[in-house]
Amino acid sequence: MEDGNEPMTTPTPVRGYFGGTPLFDDDAMRHLDRVGVIDVGSNSVRMVVFDGAARSPAYFFNEKILCGLGRGLTDTGRLNAEGRARALAAIKRFALLADDMALTSMTVVATAAVREAEDGEDFKAEVEAATGIEMMIIPGTEEARLSAQGVLLGWPGARGLVCDIGGSSMELAEIGDNTVGRRVSSALGPFRLQQVTGGKKGLHDHISKTLKQLREEVGADHHALYLVGGSWRALARLDMERRGYPLTVLHEYQMTPKSIRKTIDWLATQDLKTLRNKTGTSPERIALVPLATVVLRQMLTIFRPKEIFISSYGIREGILFEQMPDELRARDPLIEAGRHLESTNARMPGFGRALYEFLMPLYRNVSDERLRLIKAACLLHDVNWRAHPDYRSESCFDTATRANLGGLDHKGRVYLGLALMNRYKSPGADSRITPLLTLLDEEEIRHAIMLGKAMRFGAMFSLAGPQAAGELRYFPKKKVLELILQPERKDLFGEVAAQRFAALAKTLGVTTNLRVARNHSSKLPSEPSTEGSEGA
């Protein structure tokens, strides 16, 4: 085992071996050029190219080959011959693609199989001679740190223990306060476990002894466990299948120890080939799941976490995080993603902030977490405007529930999706969406619909920004929603604006009052029977 001894009190995140000038040397920078990472793992070789908002990047390119470099390593001490040839071919292809994309940065890292094989250095030299790109063979504790940084990219407030399982190794790292603390690497990868002798008892004893040693290195008091790696993602997808879970987005999927144990027991009674076809899991990946579940079951017993989360972000995202100054790291990935989507897709970039500020009187006493969802909704309220009007609301829902958005759990996705749907119209019964609403309680559904109605009014009231035309005032105890119009822009409050304002008041369960600033007051007309055009 390798261990990193930095405690959580370390004030500054460890930067590691990457050095050089950071890509984001301007702390104010939000966007980035395309940045490539090739991860040469024990089971897979993957190239990812990031593009977009630096704090919440999009995946411009993502390709994986399951090469099995580490298969048989324990017996031979060498890289798998077939896997080595396939990995080299994949990396050569990726190098040419990097040239085609004119990448501003390309990082190639090799992990457990290459660092432990006696021919690992030969393979490194072969890759570099064939591609002209340096391949760094990183220690296990560095692998643990980078994987943990990947989790922090998606969860700035994450606190607990990261567990990254690959083909030949398993890493643990402590995270909190947006940085990485103690970390350790072990040989608990499925390829290595296949070589353990003594049958089930020998395997159980070996895993138990190793995990207890790891607990001594990273501590046992971790409320949350963040799982990184393909075997964990495959297990999570199987957990969804067993539960009939309606939202098959793996990132931030939450499980309980009880649920995981049920799924492990259930898997023992199932045909893996049938499950593979149902869940779209590759044969190579699902073959490693049974051994991974043996490790996880004992992890639950020895570390006793209360909450378990799946992270789709890992070492590749951690390398991107490595390039960021601390100020950029501290930003909210959800809000950064919303800003980027608005700047590239909305009709009037910047309007989302004005809309948020206009609606704030409705949300004086809500939680900070609810406020960030409201802000995200305002930033995203118009990014689907190019969709056909008949399908625009459904497109909004898909953006929130399916898009690559960090810092957003599953309940938040559905809440955001429902709000954005109602920004365009009141959705009727939709067999595709209805099951997802079971993730929210009645109050959350009502609040999301109210937010949608509020955005629906504010977004069309004035194209110069709603605050330029008027001011909202909300008196929940009196059950009154008031709109104060600016005298020179009072004619913006036409029929459709009146309809949408009345619809918002009805959702709030209040009466309305309309007055012109420093002039006279008047009551709003009664709510019309229709809500007007869908075009705005």
Under 30°, 30 to 60°, or over 60°: which ring-plane class applies to Phe501 and Phe457, parallel, tilted or perpendicular?
tilted

Mind checking whether Tyr415 and His447 have side chains closer than 4.5 Å, heavy atoms only?
yes

Side-chain contact test, heavy atoms from C-beta onward, threshold under 4.5 Å: evaluate it for Phe461 versus Leu483 and give yes or no.
yes

Contact check, side chains of Pro156 and Asp332, non-hydrogen atoms, under 4.5 Å
no

With a 3.5 Å distance limit and no angle check, can you tell me whether Arg243 reaches the backbone of Ser259 through a side-chain donor-acceptor pair?
no

Please answer whether the main-chain N or O of Glu336 pairs with a side-chain N or O of Arg55 as donor and acceptor at a distance below 3.5 Å.
no

Is a salt bridge present between Asp51 and Arg34, judged by a nitrogen-to-oxygen distance below 4.0 Å?
yes

Arg261 side, atom CZ; Met255 side, atom CE - distance, nearest 0.5 Å:
12.5 Å

Between Arg86 (side chain only) and Leu66 (backbone N and O only), is there a donor and an acceptor less than 3.5 Å apart?
yes

Show the numbers, then the answer: is there a side chain to side chain contact (heavy atoms under 4.5 Å, CB included) between Arg515 and Arg473?
CA-CA 11 Å; Arg515 64 186 177 90; Arg473 292 188 179 179; 3.4 Å; yes

When you check the side-chain N and O atoms of Tyr59 and Glu317, is any donor under 3.5 Å from an acceptor?
yes

Is a donor on one side and an acceptor on the other found under 3.5 Å between the side chain of Thr438 and the backbone of Thr434?
no

Among all residues two or more places apart in sequence or in another chain, which pass the side chain to side chain donor-acceptor pair (under 3.5 Å) test with Asn384?
Ser395, Thr399

Side chain Asp382, main chain Arg347, donor-acceptor under 3.5 Å
yes

Would the distance check show the side chain of His340 and the main-chain N or O of Ser56 forming a donor-acceptor pair, the cut-off being under 3.5 Å?
no

Residues forming a side chain to side chain donor-acceptor pair (under 3.5 Å) with Glu252, sequence neighbours excluded:
Trp155

With a 3.5 Å cut-off and sequence neighbours excluded, list the donor-acceptor pairs that the side chains of residues 348-358 form with protein atoms.
| from | atom 1 | to | atom 2 | distance (Å) |
| --- | --- | --- | --- | --- |
| Arg353 | NE | Glu357 | OE2 | 3.4 |

Could you tell me whether the side chains of Asn422 and Arg456 share a donor-acceptor contact shorter than 3.5 Å?
no

With a 4.5 Å cut-off on side-chain heavy atoms, are Val228 and Ile315 touching?
no

Sidechain N-carboxylate O distance under 4.0 Å for Asp177, Arg159:
yes

Residue pair Leu227 / Leu296, side-chain heavy-atom distance below 4.5 Å:
yes

Here the gap from Leu436 atom CG to Leu418 atom CG, rounded to the nearest 0.5 Å, amounts to 10.5 Å

Can Asn404 and Tyr313 be counted as having a side-chain donor-acceptor contact under 3.5 angstrom?
yes

Under a 4.5 Å cut-off applied to non-hydrogen side-chain atoms, are Trp266 and Gln270 in contact?
yes

Min side-chain heavy-atom separation Met450-Tyr363 under 4.5 Å:
yes

Which distance, rounded to the nearest 0.5 Å, do you find between the OG1 of Thr512 and the CG of Leu504?
10.0 Å

Just by modelled atom types, is the Phe321 backbone N or O under 3.5 Å from a matching donor or acceptor in the Arg329 side chain?
yes

Note, Ser311 side chain near His251 side chain (heavy atom, < 4.5 Å)
yes

Above 12 or not: heavy atoms from other molecules or residues under 6.0 Å from OH of Tyr391?
no

Quick one: which of Arg46, Arg93, Arg316 gives a salt bridge (Lys or Arg N to Asp or Glu O under 4.0 Å) with Glu63?
Arg93

From CD (Gln149) to CD (Gln323), nearest 0.5 Å
10.0 Å

Measuring from Leu514:CG to Leu481:CG, what's the distance to the nearest 0.5 Å?
10.5 Å

So Tyr226 and Phe309, would you call those rings parallel, tilted or perpendicular, with 30° and 60° as cut-offs?
parallel

Glu443 atom CD: more than 12 heavy-atom contacts under 6.0 Å:
yes

Rounded at 0.5 Å granularity, tell me how far CG in Leu373 sits from SG in Cys378.
11.0 Å

